[in-house]
Undergrad: 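Here it is, the structure in full.
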Amino acid sequence: MSTVDKMLIKGIRSFDPENKHVITFLKPLTLIVGPNGAGKTTIIECLKVACTGELPPNARSGHSFIHDPKVAGETETKGQIKLRFKTAAAKDVVCIRSFQLTQKASKMEYKAIESVLQTINPHTGEKVCLSYRCADMDREIPALMGVSKAILENVIFVHQDEANWPLQDPSTLKKKFDDIFSATRYTKALEVIKKLHKDQAQEIKTYKLKLENLQTLKDAAYKLRESIGQDQEKTEILKVQSQELESNLQNLDAKIHHTEVTLKDMRKLQDQITIKTAERSTLFREQQRQYAALAEENEDTDEELQEWKTKFDEKIASLESNICKLEREMNDMETKGSFLKQNINEYIREISRLQTEAEAHASLKNERDSNIQKMYTRHNLGPLPNAPFGDDVALNLTNRLKSRLVGLDKDLQDKKAEKDSVEALVQPVETADRLFQEIQSWQKQVDDLEYKLDFRGQGVRTMEEHLAEAVGPLSREKEKLQGEHNELKGQLEREYEEQKKQLDDFKQEVDTLVRIASKIREKIKAEVEELTREIESLEERILKIGGFSSFEAELAKLLQERERLLSELNRFRGTMSVYQNNISKNKIDLKQVQYKDIDKRYFDQLIQLKTTEMANKDLDRYYNALDKALMRFHTMKMEEINKIIRELWQQTYRGQDIDYISIHSDSEGAGTRSYSYKVVMQTGDAELEMRGRCSAGQKVLASLIIRLALAETFCLHCGILALDEPTTNLDGPNAESLAAALLRIMEDRKGQENFQLIVITHDERFAQLIGQRQHAERYYRVAKDDHQHSIIEAQEIFD
Ligand SMILES: Nc1ncnc2c1ncn2[C@@H]1O[C@H](COP(=O)(O)OP(=O)(O)OP(=O)(O)O)[C@@H](O)[C@H]1O
């Protein structure tokens, strides 16, 4: 709770500008006593000026408030008020206000030269000075003291001249009450709110119109965007469909390509079939030709050849049996020949022996000769010379015998010629047999001769020689015949071999031909079969593929489908281009200035509208709330004030005519929050307005009581109340009762530490009544010194 502690006064009214006068305010009572004109009121004025900046009434804009330079004998005087007070927060603050009054040539010039608030740093104890403009300081100090300026002016520090304001004219009363209730401010606030509400309502209308306009644009933009979106969506769908179509088309193209390739392949296959068929035909023809060629080479047909082969085989078999037979015979002959040869060898050995013997039996030569003769004779070989024959003769004779053998050989040759015929293969054998028989007969003859030689020639050398000469040609003939036999045999064998070889060659040839024919047949057959298989496979493949017609039909179908897809694709593309055009057009439209940031603008406008609407609604609500609160506050406070006034009046007023007084506040008109006030007194049953009816003393008392009640009601944070000459116009009893009331108030506020009553009075009696020791240790006496300067002196409270 705020209180005033100390005040320094210098150069204000009658206070000396050169000297400082300090008054310390006591609690709960500061009693200032002094005669008229001593300067007591100046102290209240200084308090009021220091706290509110409000100069006293009739201060002529401050000229008369400052110590007059003329009085001081100066051209300029400076005044200063320095007030130390405790704020509502119990902080010590010093308020310094300095003024200057200068005597100019024609007029005085008043100037407030300094407004300073000093605070003390609680930690360091240093003073902190803050300079203010006067207006700011005038607002700052009431705020620090926790009470309004109006309360300070009209309740706490009321000037003596204005002390009876509650009973002044209604307008003053209303003004004071409105100030006290801050009604004007609140009314102004309400009016401002109302105006703001109205302005905002107007703004809301404008915003609504703008919003409607923006809504239209937004809708149009939305439609455009929606249209773009739909078109884009449709375009996307069409794109997807187009892609599907393109994909289908590609697949179709692939299928068409595949079908065409297949058809091409099929055509190739067909061509291959044709070629293979032609090849097969050619092979057939070739086979025919080769068969024909074979037929030409061997006119016989296979069957004929086979028949011929069979016959030939039979013939070969027969020949082989003959050959076997001949071989057997030859073997027999060989056996016989070897036997003979053995015999011959034995004979030759015997002959050799005989020849050795013949040397001894040369005579036998003659016999030989004779024998030759005999043989010649016997065989009619011609005439012979006379014996003994010489060797030449014997040789000739032997040659003649050789010739005879040559003839025989010729015969054998003929026989051989006969043998040349294959068909008469037996004949050579027979001839051979015959010749063999002949050889045998000749051999017999030789044997006989040899025997005879052996028999007759033993010991006869000549005979042996002749015999040897005769046997030599025969042996040579024999050997020749043997050679011929062997030759014939070899020839037969060669012939047989040749025949056999021929047969084998023929067989081989036949076999070769058969093999070739078989091979040709097999090869051609294989090739034909291969070709047939290939043709069948190709035909099968063609069939498997489905045949030309199905593929051609499929191709035609696919081409038709392709045409359909292409036309559909073109249709899609056309539609897409229409959508694209629409999108482009709509996008261009959307780029128009009117659509720029339309959503944001709409949104901002909507927010502005909604916030304004909400603010306006809030304002309305606030207006009503404030209005109601003010009304309620006013009613509540007025009730409280009236209650206190009534109590105080009843306690204070000693007259019997007025039971109590009260303040009536009437609303000046329906719906307005403006009140008119009047102070009424209850006299019996009558309630009368006091103004113009009460006495001066009643007026003073009523005013004091109203101020006390107002202080009680509004000064919750400020415990100060200054009363300047409260007993003015009061008679003794009333002054006493006022003193008693004040004492009672002080008594009631005993527990309230910061209650501070400042009472200024020239009434010593009154001063004595309230100036009791229990409320103050001393009081102040204000007087004037010799220089007519006011001085403040502290005095002991008297009992
Ligand atoms: N501008 C001024 N210069 C010098 N003196 C002044 C000036 N204005 C007023 N005075 C004197 O100051 C005194 C004012 O005193 P103030 O009104 O404080 O007296 P007071 O003690 O309250 O008297 P009262 O009891 O009659 O009310 C008067 O004597 C007056 O002549």
Side-chain angles (χ1 to χ4, degrees), residues 7-23 25 30-51 54-81 83 97-104 107-113 157-165 696-697 699-700 703-704 722-730 735 738 758-768 770-771 779-795:
M7 186 165 68
L8 177 148
I9 305 167
K10 196 174 116 180
I12 304 295
R13 295 229 191 242
S14 56
F15 282 89
D16 187 1
E18 302 301 327
N19 293 309
K20 297 171 183 175
H21 297 278
V22 177
I23 177 169
F25 298 100
T30 304
L31 182 62
I32 302 165
V33 185
N36 293 125
K40 303 184 294 298
T41 302
T42 305
I43 294 169
I44 301 288
E45 285 173 345
C46 284
L47 279 169
K48 189 176 174 182
V49 168
C51 291
E54 279 295 313
L55 289 165
N58 305 317
R60 294 197 294 121
S61 308
H63 290 166
S64 60
F65 183 61
I66 311 301
H67 187 74
D68 203 316
K70 287 180 214 161
V71 176
E74 302 285 339
T75 54
E76 184 182 89
T77 49
K78 286 184 177 170
Q80 189 181 52
I81 305 165
L83 173 69
R97 289 178 188 262
S98 301
F99 313 96
Q100 182 179 293
L101 190 63
T102 310
Q103 177 66 59
K104 299 282 181 181
K107 58 171 185 175
M108 290 281 191
E109 192 180 87
Y110 165 84
K111 201 157 67 173
I113 55 173
F157 302 123
V158 180
H159 195 270
Q160 189 181 9
D161 295 348
E162 294 177 335
N164 296 328
W165 62 262
K699 190 195 280 183
V700 168
S703 298
L704 264 174
L723 302 176
D724 191 358
E725 298 293 359
T727 56
T728 306
N729 294 325
L730 292 186
L738 176 64
I758 302 165
V759 179
I760 294 170
T761 183
H762 67 281
D763 189 345
E764 296 288 343
R765 168 81 183 134
F766 181 74
Q768 280 182 5
I770 62 164
Y779 72 97
Y780 295 98
R781 185 163 289 278
V782 181
K784 280 193 170 174
D785 62 7
D786 297 340
H787 301 287
Q788 294 305 306
H789 291 145
S790 297
I791 50 167
I792 304 167
E793 290 175 334
Q795 301 280 325

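Every number for a ligand or one of its atoms is a count from 1 in the order of the listing.
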Undergrad: What is the closest protein heavy atom to atom 3 (N) of ligand 1, and at what distance does it sit?
TA: D68 N, 3.3 Å
Undergrad: Measure the distances from the heavy atoms of E725 to every atom of ligand 1 and state whether one is below 4.0 angstrom.
TA: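 Judged by the 4.0 Å heavy-atom criterion, E725 does count as contacting ligand 1.
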Undergrad: Should V158 and D724 be marked as a side-chain contact (heavy atoms from CB on, under 4.5 Å) after you check the CA-CA gap, both sets of side-chain angles, and the distance that decides it?
TA: CA-CA 8 Å; V158 180; D724 191 358; over 6 Å; no
Undergrad: Under 3.5 Å between any N/O of G39 and any N/O of ligand 1: does that happen in this structure?
TA: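 Yes; the residue has a nitrogen or oxygen that sits under 3.5 Å from a nitrogen or oxygen of the ligand.
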Undergrad: Looking only at protein heavy atoms, identify the closest one to atom 22 (O) of ligand 1 and say how far it is in Å.
TA: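 Residue, atom and distance for the closest contact: T41 OG1, 2.8 Å.
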Undergrad: Check whether any side-chain N or O of T42 sits under 3.5 Å from a backbone N or O of R13 as a donor-acceptor pair, and report yes or no.
TA: no
Undergrad: Heavy-atom distance under 4.5 Å between the side chains of I66 and I12, does that happen here?
TA: yes
Undergrad: Among all protein heavy atoms in this structure, tell me which lies nearest to atom 9 (C) of ligand 1, with the distance rounded to 0.1 Å.
TA: R13 CD, 4.0 Å
Undergrad: Is a side-chain donor-acceptor pair under 3.5 Å present for T102 with E76?
TA: yes
Undergrad: Any heavy atom of I66 closer to ligand 1 than 4.0 angstrom?
TA: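 Judged by the 4.0 Å heavy-atom criterion, I66 does count as contacting ligand 1.
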Undergrad: Around atom 30 (C) of ligand 1, find the nearest protein heavy atom and jot down its residue, atom name and distance.
TA: K784 NZ, 4.3 Å
Undergrad: Would you say P35 touches ligand 1, if touching means a heavy atom closer than 4.0 Å?
TA: yes
Undergrad: Got a donor-acceptor contact below 3.5 angstrom from the Q80 side chain to the G11 backbone?
TA: no
Undergrad: Which residue supplies the protein heavy atom nearest to atom 14 (C) of ligand 1, what is that atom called, and how far is it?
TA: G37 O, 4.1 Å
Undergrad: Tell me if a side-chain donor or acceptor on H159 pairs with a main-chain N or O of D161 at a distance below 3.5 Å.
TA: yes
Undergrad: For ligand 1, is there an N or O atom under 3.5 Å from any N or O atom of A38?
TA: yes
Undergrad: Applying a 4.0 Å heavy-atom criterion (strictly less than), which segment of K40 is in contact with ligand 1: side chain, backbone, both, or neither?
TA: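 The part of K40 near ligand 1 is both the backbone and the side chain.
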Undergrad: Identify the protein heavy atom lying closest to atom 26 (O) of ligand 1, giving its residue, its atom name and the separation to 0.1 Å.
TA: N36 ND2, 2.7 Å
Undergrad: What residue and atom, counting heavy atoms only, is the protein's closest point to atom 27 (O) of ligand 1, and at what distance?
TA: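 The closest one turns out to be Q160 OE1, 3.4 Å.
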Undergrad: Can you tell me which residue and heavy atom of the protein come closest to atom 1 (N) of ligand 1, and the distance to 0.1 Å?
TA: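 Answer, as residue, atom name and distance: S64 O, 3.2 Å.
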Undergrad: For Y110 and F99, take the angle between the two ring planes, folded into 0 to 90°, and tell me which bin it lands in: parallel under 30, tilted 30 to 60, perpendicular over 60.
TA: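 Judged by the thresholds at 30° and 60°, the geometry between Y110 and F99 is parallel.
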Undergrad: Taking all heavy atoms of N58 and all of S64, pick out the closest pair and write down the distance.
TA: O-OG, 3.5 Å
